[in-house]
Protein chains: 2
Amino acid sequence: MELEKITNKKNAKPKRWYTDACGTALALEFFGERWSLLIMRELMLGPRRFSDLKDDLHGISANILTQRLEGLEHSGIVVRRKLPPPANIQVYELTPWGYEAEPIFQTMGRWATRSPAHDPMLPLSAVSAMLSLRTMILEDREPVSMVLVFRFGENVFTGRLDKKELQIERGAVEKPDIVFDTDTTTFITLVYGKRSITDAEREGRLRLTGERELVQKFIDCFSLPEKIIT
Amino acid sequence: MELEKITNKKNAKPKRWYTDACGTALALEFFGERWSLLIMRELMLGPRRFSDLKDDLHGISANILTQRLEGLEHSGIVVRRKLPPPANIQVYELTPWGYEAEPIFQTMGRWATRSPAHDPMLPLSAVSAMLSLRTMILEDREPVSMVLVFRFGENVFTGRLDKKELQIERGAVEKPDIVFDTDTTTFITLVYGKRSITDAEREGRLRLTGERELVQKFIDCFSLPEKIIT
DNA sequence: CTGTATCCGTGTTGATACTG
DNA sequence: CAGTATCAACACGGATACAG
């Protein structure tokens, strides 16, 4: 009886398979369950610990997060890593292949935000806000280069904008051209043009460092796709 | 009591929401449930009827297909259309916005097929086979143009390859350069180089019309991404 | 503090049978 | 052919308890 219980837990996964050679179907085997893709999103900008993920994925419960991380690890998308002492904590990190899933987020994001149902005032994680920049960056933009720091409470990122792309990594660099210190919702309403910088500053939602002209040049590099006509 | 039951069925959907401004999360609200994305895939190359979908989506049950089609219709991704007499049948079709989801299939397909778990010998729908061509077409290929017909039993497609792209639509054109008449698994093993044309013909799995040299040029336009190193 | 395991109520999924 | 009804199995999320 005991043995049977253990056996059931380990093997004999009665998971439902699509049994389809199509790449999309296979991708869904990997991350088609609820939360999996959003966990991957939260890991796209570097390793996180369990409680970071739990906090940023509003509404996920601990047991589900454990299951999903196990599944993603099993699929070769996530690795569990123990940081060396003195940190000595465990983090979850994407594998190189996992990091290569970013275009999936970009195509899904570009497509879905055209829906009238898209509500940018809903809560947004810091990683989502950063990834949205890489998703919504304009192909044919002014060739401008700059280094930026983005502060969303605990979550701090450095962005390097050049002609080719916007690189983003965790942590702050020494002498950036621009520093945003704000919340994610205010930030994206600024970038996508629903709110003015001065308004946000007056309301105490934003502390901004850097030349206003350069900030505007940065903002002009991004644009949400047009809404669909219904 | 009766009223309550009706009310529960129509409104009061206690569906679980991510409540997240992220575009990926919104996309998952639309097609994150099991089967939804694969239904969209089957519709990508033109309208289908209920039973076509049920047959091609191996393993889906009728009630789930009904629910998913309702959901996709509600989200503005699918429309239900009644063909005029004498056909007089009902079909499901993607909206223009629905058709624009194709890049999602492409990024997911390119990413997932790099997994060692990808098994091209599993069953593959005719639409999947055709979409895989559009997914795996090489950017920097020989500038070659041709018109092809693909026959997979009932499912017949015409492809138009030019410098820019491979267009695909349902139905056969009059004088194509090449005709493939085969099953989907044989077809993709041919295109992605696991099987030779002559072997497939000898085994009776393939009937091919057209100059062999041109066929080879066609095949050379496509390539599966490299497997990940584990 | 950082997870992990278990129980439990509810909602979702799917196989079968059935109806217009 | 195009779905609906029913019911059983499973997945989800919350709470709680536990381990390092």
Side-chain angles (χ1 to χ4, degrees), chain A residues 2 5-6 8-10 12-19 28-29 31-39 42 47-74 78 80-83 85-93 154, chain B residues 2 5-6 8-20 28-29 31-39 42-43 47-73 78 80-83 85-93 154:
Chain A
E2 277 301 316
K5 202 178 173 189
I6 291 163
N8 277 340
K9 284 185 70 173
K10 286 286 162 195
K13 277 217 170 184
K15 202 193 158 186
R16 292 178 274 234
W17 300 90
Y18 288 119
T19 321
L28 292 173
E29 305 285 10
F31 57 63
E33 291 170 289
R34 198 169 163 75
W35 294 111
S36 291
L37 201 53
L38 300 186
I39 293 168
E42 289 306 313
R48 314 294 307 277
R49 47 206 303 188
F50 190 90
S51 48
D52 294 336
L53 294 170
K54 182 150 172 17
D55 293 344
D56 287 340
L57 266 14
H58 179 80
I60 197 173
S61 48
N63 50 357
I64 297 293
L65 181 53
T66 301
Q67 279 178 225
R68 293 297 177 275
L69 286 168
E70 278 171 359
L72 291 170
E73 191 178 4
H74 186 78
V78 162
R80 197 189 277 242
R81 202 152 57 81
K82 188 134 190 167
L83 294 186
N88 222 26
I89 56 162
Q90 184 176 258
V91 291
Y92 296 89
E93 183 172 21
E154 304 284 278
Chain B
E2 276 301 318
K5 200 178 172 191
I6 292 164
N8 277 341
K9 283 184 71 171
K10 286 284 164 197
N11 344 333
K13 278 217 169 182
K15 204 193 156 188
R16 290 181 274 234
W17 302 91
Y18 287 120
T19 320
D20 191 322
L28 292 174
E29 305 286 10
F31 57 64
E33 293 168 288
R34 196 168 164 77
W35 294 110
S36 292
L37 202 52
L38 300 186
I39 293 168
E42 288 305 313
L43 296 175
R48 316 293 308 277
R49 49 203 304 185
F50 189 91
S51 48
D52 293 336
L53 294 170
K54 183 151 170 18
D55 293 343
D56 287 339
L57 266 13
H58 179 81
I60 196 172
S61 47
N63 53 354
I64 296 294
L65 181 53
T66 302
Q67 280 178 223
R68 294 295 178 275
L69 286 168
E70 279 171 359
L72 292 170
E73 191 178 5
V78 162
R80 194 189 280 243
R81 202 151 58 81
K82 188 133 191 166
L83 293 186
N88 222 25
I89 57 161
Q90 185 176 262
V91 291
Y92 296 88
E93 183 172 22
E154 304 284 277

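Remember, it's a predicted structure, so these values are computed and weren't measured experimentally.
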Under 4.0 Å, counting only non-hydrogen atoms across every strand here, what does B:Thr66 touch: a base, just sugar-phosphate, or nothing? base
To the nearest angstrom, how far is [X] atom [atom1] from [N] atom [atom2]?
{"X": "B:Leu83", "N": "D:dC1", "atom1": "CG", "atom2": "P", "value": "15 Å"}
{"X": "B:Arg81", "N": "D:dA2", "atom1": "CZ", "atom2": "P", "value": "14 Å"}
{"X": "B:Leu57", "N": "D:dG3", "atom1": "CG", "atom2": "C1'", "value": "16 Å"}
{"X": "B:Leu65", "N": "D:dG3", "atom1": "CG", "atom2": "C1'", "value": "9 Å"}
{"X": "A:Ile39", "N": "D:dC12", "atom1": "CD1", "atom2": "P", "value": "11 Å"}
{"X": "A:Lys54", "N": "C:dC1", "atom1": "NZ", "atom2": "P", "value": "14 Å"}
{"X": "A:Glu33", "N": "D:dG13", "atom1": "CD", "atom2": "P", "value": "11 Å"}
{"X": "B:Leu53", "N": "D:dG3", "atom1": "CG", "atom2": "P", "value": "10 Å"}

Any side-chain heavy atom of [X] sitting closer than 4.5 Å to one from [Y]?
{"X": "B:Tyr92", "Y": "B:Ile39", "result": "no"}
{"X": "B:Leu72", "Y": "B:Leu43", "result": "no"}
{"X": "A:Leu69", "Y": "A:Leu53", "result": "yes"}

Counting distance only, does the side-chain N/O of B:Glu29 pair as donor-acceptor with the main-chain N or O of B:Trp17 below 3.5 Å?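 It does not hold such a pair.
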Taking B:Thr66 for the side chain and B:Ala62 for the main chain, is one N or O donor matched with an acceptor at less than 3.5 Å?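 Such a contact is found between B:Thr66 side chain and B:Ala62 backbone.
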With rounding to the nearest 0.5 Å, note down the distance linking CH2 in B:Trp35 to CD in B:Gln67.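 It is 13.5 Å, given to the nearest 0.5 Å.
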State whether B:Arg49 places a side-chain N or O below 4.0 Å from either non-bridging phosphate oxygen (OP1 or OP2) of D:dC1.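 It does not, given that no N or O in the side chain of B:Arg49 lies less than 4.0 Å from OP1 or OP2 of D:dC1.
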C:dT4 phosphate, OP1 or OP2: any side-chain N/O from A:Arg80 under 4.0 angstrom?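 Yes, because at least one side-chain N or O of A:Arg80 sits under 4.0 Å from OP1 or OP2 of C:dT4.
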Hey, does the Lys NZ or Arg CZ of B:Arg34 hover above the aromatic six-ring of A:Tyr18, less than 6.0 Å from the centre and inside 45° of the axis? yes
Given C:dT4, D:dC12, D:dA2, the nucleotide with the shortest approach to the side chain of A:Tyr92: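 It is C:dT4.
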For nucleotides 14-20 of chain C, just jot down a letter per nucleotide in 5' to 3' order: B, S or -, based on protein non-hydrogen atoms under 4.0 Å. BB-----
